[in-house]
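Sequence positions, counted from 1, serve as the residue numbers for this chain.
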Amino acid sequence: MTGNNLAIIILAAGQGTRMRSRLPKVLHQIGGRPLVGHVLTTAGRLDADHVEVVVRHERDQVVAALAEDYPGAVFVDQDEVPGTGRAVQVAVDALPADFDGDVLVLSGDCPLADADTLRSFLDAHRAAEAEVTLMTAVVDDPTGYGRVIRDADGGVDRVVEQKDATADEAAVSEINAGMYVFRIATLRKYLPAVGVDNAQGEMYLTDVPGLLRRDGSRVAASVVSDVTVTYGVNDRAQLAEVGRLLNRRIVRRWQLEGVTVIDPATTWIDDDATLSPDVTILPNTHILRATTIAEGAIIGPDTTLVDCEVGADAIVRRTDATLAVIGAEATVGPFSFLRPGTVLGARGKIGAYVETKNAEIGEGSKVPHLSYVGDATIGRGVNLGASTITANYDDVNKHRTVVEDEVHTGSHTTLVAPVRLGAGAKTGAGAVVRKDVPAGSLAMSVAPQRNIEGWVEKNRAGTGAADAAARTRVAE
Ligand code: UD1
Ligand code: CA
């Protein structure tokens, strides 16, 4: 056991009815991660001895979405007894019987409570020497939250859920954030006393403070000044709002690290992305998943990068790219579509209306206009003329195209794979290259057009094309 003597229980068993979704609420994503994933990431920074996630609704789906990324978490199944009190009870029962530390309870739907906030919260609890410390906040609109009812001396008396509140209680603007630190002994003693006699017929964790006070025990409250850390997601409107707040926080973090973000409101950066000083992000740009961007690169406007690696001083404009590597000082866009396996060398260019996939494009090589380059290895110093296309798919299999160093192709060249163009070779405009081109040769394939009638019906019987051809013949 580490010195922290801390267990963290994350509540994630609820359905999230108000989301009106097939997906369990806690798996809805913001910042490239499920809501509960953010809570687990933060929990991972707190050095706890135990981290438990309580699951029930779609438990297999929830566990499958989290188990790999959070190998330290233990999943505990809640039974049919509903309510946050029951959820904590099953998690407490799953802890070792000799665990005697503090229990931090978090909600899988409150992703904005950061590690610094939670560390101060734990410190406040330990300093207060209370049985439990509630995190509370004073908000403009307390609708939906449990209200913190204080006694004449200003101490916490109890928590009342919105649905059980009288009009006077509902008017209280101090809310229960749903995050608590309990002594484990307190939970073991008081949870069995929590009933289901309330508006929702559930075991409320929020009954514990009232029960403690009845016994004359100390209940402390830690009032946070930044109310946004308490924001929970119960519906899609809150999902968007909390997502926006998280994004604002991430954008600000990178701004302070030296990234220029022209328009924070339309720049979306996932939590896992890594940027460098002197990167510039133009408006309407999404930097997603584990994308990394090196110093001095300029990204956007209107660009989406998913799991990409962008080299120093590269320029990527109006581009959609996934699992692509863009070399230093390379330029991409506008209107480029880089699919997985695209690797563009240093000072290379992928230009307007170009699609690439599984394509390695060497240093200084250019694919400037209107091309498709798939399943290809392109050497250095190559220029593929406008509208050069790799015909990589013969209707049955995919084949590779190899273009060696310093090759220049004429406009509208079709490279029918598998095919190899030797170093320094050239092709004439409109060439259809079906045979390898030796190094230094010029390939021409201008020939009179020849139509081989009936070829499709003979060789592609049973396909839509053959059927369509047959229908046309009958109509004639
Ligand atoms: C809860 C609190 C409320 C507080 C608010 C803060 C209770 C009774 N109420 O209300 O005082 O102001 O959070 O956000 O605790 N869950 C389970 N098992 C269950 C029910 C819920 O694990 O049987 C989980 C949910 O998945 C969710 C969390 O507990 O992550 C909170 O549940 P939710 O139904 O959202 O509670 P609120 O109504 O928001
Ligand atoms: Ca909630």
Side-chain angles (χ1 to χ4, degrees), residues 29-33 37-38 41-42 45 111-112 114-116 242-356 359-368:
Q29 297 216 349
I30 57 171
R33 213 178 262 154
H38 289 281
T41 299
T42 306
R45 297 185 175 132
L112 295 181
D114 57 291
D116 285 343
V242 166
R244 194 182 62 80
L245 288 166
L246 176 72
N247 186 60
R248 201 160 79 182
R249 201 191 272 178
I250 294 170
V251 166
R252 187 176 155 75
R253 185 172 95 221
W254 290 118
Q255 286 175 316
L256 298 181
E257 296 281 334
V259 173
T260 294
V261 177
I262 302 293
D263 182 15
T266 63
T267 298
W268 293 86
I269 305 177
D270 276 355
D271 216 17
D272 279 341
T274 309
L275 284 69
S276 309
D278 287 322
V279 163
T280 299
I281 310 290
L282 300 170
N284 275 319
T285 292
H286 300 236
I287 314 283
L288 306 184
R289 315 287 301 197
T291 294
T292 63
I293 303 178
E295 279 196 6
I298 302 174
I299 313 294
D302 305 328
T303 293
T304 299
L305 303 178
V306 185
D307 282 320
C308 289
E309 189 183 320
V310 180
D313 299 311
I315 297 174
V316 183
R317 293 186 291 158
R318 296 186 204 278
T319 289
D320 185 313
T322 299
L323 284 165
V325 178
I326 296 167
E329 295 173 51
T331 64
V332 177
F335 310 110
S336 306
F337 183 28
L338 277 54
R339 293 165 52 201
T342 298
V343 179
L344 176 62
R347 292 176 303 286
K349 177 185 178 75
I350 292 176
Y353 305 101
V354 171
E355 174 177 345
T356 58
E360 216 175 293
I361 300 170
E363 256 183 64
S365 289
K366 296 180 164 61
V367 189

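Within the 4.5 Å cutoff, the side chain of T291 has no heavy atoms near those of the D270 side chain. L338 places none of its side-chain heavy atoms less than 4.5 Å from the side chain of L344. Using a 4.5 Å cut-off on side-chain heavy atoms (C-beta onward), P264 and Q255 make contact. For the pair T342 and I350, the minimum side-chain heavy-atom distance is below 4.5 Å. Between P111 and I30, some side-chain heavy-atom pair lies under the 4.5 Å cut-off. Under the 4.5 Å side-chain criterion, counting only non-hydrogen atoms from C-beta, D272 is not in contact with R289.
A distance of 7.5 Å separates NE2 of H38 from CD of Q29, quoted to the nearest 0.5 Å. L246 CG to W268 CH2: the interatomic distance, rounded to the nearest 0.5 Å, is 9.0 Å. Atom OG1 in T285 sits 12.0 Å away from atom CD1 in I298 (nearest 0.5 Å). Note: I281 CD1 to I287 CD1 = 4.0 Å, rounded to the nearest 0.5 Å. For the atom pair D116 CG and T42 OG1, the distance stands at 10.0 Å (nearest 0.5 Å). A distance of 3.5 Å separates OG1 in T41 from CZ in R33, rounded to the nearest 0.5 Å.
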- For R253 and I250, run side-chain contact (heavy atoms from CB on, under 4.5 Å): C-alpha distance rounded to whole Å, both residues' side-chain angles, the deciding distance at 0.1 Å, then the answer. CA-CA 5 Å; R253 185 172 95 221; I250 294 170; 4.3 Å; yes
- Task: Output, in order, the C-alpha distance, side-chain angles, deciding distance and verdict of side-chain contact (heavy atoms from CB on, under 4.5 Å) for L245 and L112.
- Result: CA-CA 8 Å; L245 288 166; L112 295 181; 3.9 Å; yes
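Scanning all heavy atoms of the two residues, the minimum distance from A314 to G327 falls at CB-O, 3.6 Å. Annotation for S276 and A294: closest pair OG-CA, 3.5 Å, computed over non-hydrogen atoms. Of all the heavy atoms in G351 and S336, the pair that sits closest is O-OG, 2.7 Å. The nearest pair of heavy atoms linking G345 to A330 is O-CB, 3.8 Å.
Between R318 and D302 a salt bridge is recorded (basic side-chain N to carboxylate O distance below 4.0 Å).
One N or O on the side chain of T266 and one on the backbone of N284 form a donor-acceptor pair closer than 3.5 Å. A side-chain donor-acceptor contact under 3.5 Å links D307 to the backbone of A290. T303 places a side-chain N or O within 3.5 Å of a backbone atom of T319 that can act as its donor or acceptor partner. At least one donor-acceptor pair closer than 3.5 Å links the side chain of N247 to the backbone N or O of T267.
In the displayed structure, R339 atom CZ is contacted under 6.0 Å by more than 12 heavy atoms of other residues, nucleotides or ligands. Within a 6.0 Å radius of CZ in R249, more than 12 heavy atoms belonging to other residues, nucleotides or ligands are found. By the neighbour-count criterion of 12 heavy atoms within 6.0 Å, atom OH of Y353 is sparsely surrounded, having that number or fewer from other residues, nucleotides or ligands.
Checking each of I269, T274, L305 against I293 for a side chain to side chain contact (heavy atoms under 4.5 Å, CB included) leaves exactly one that passes, namely L305.
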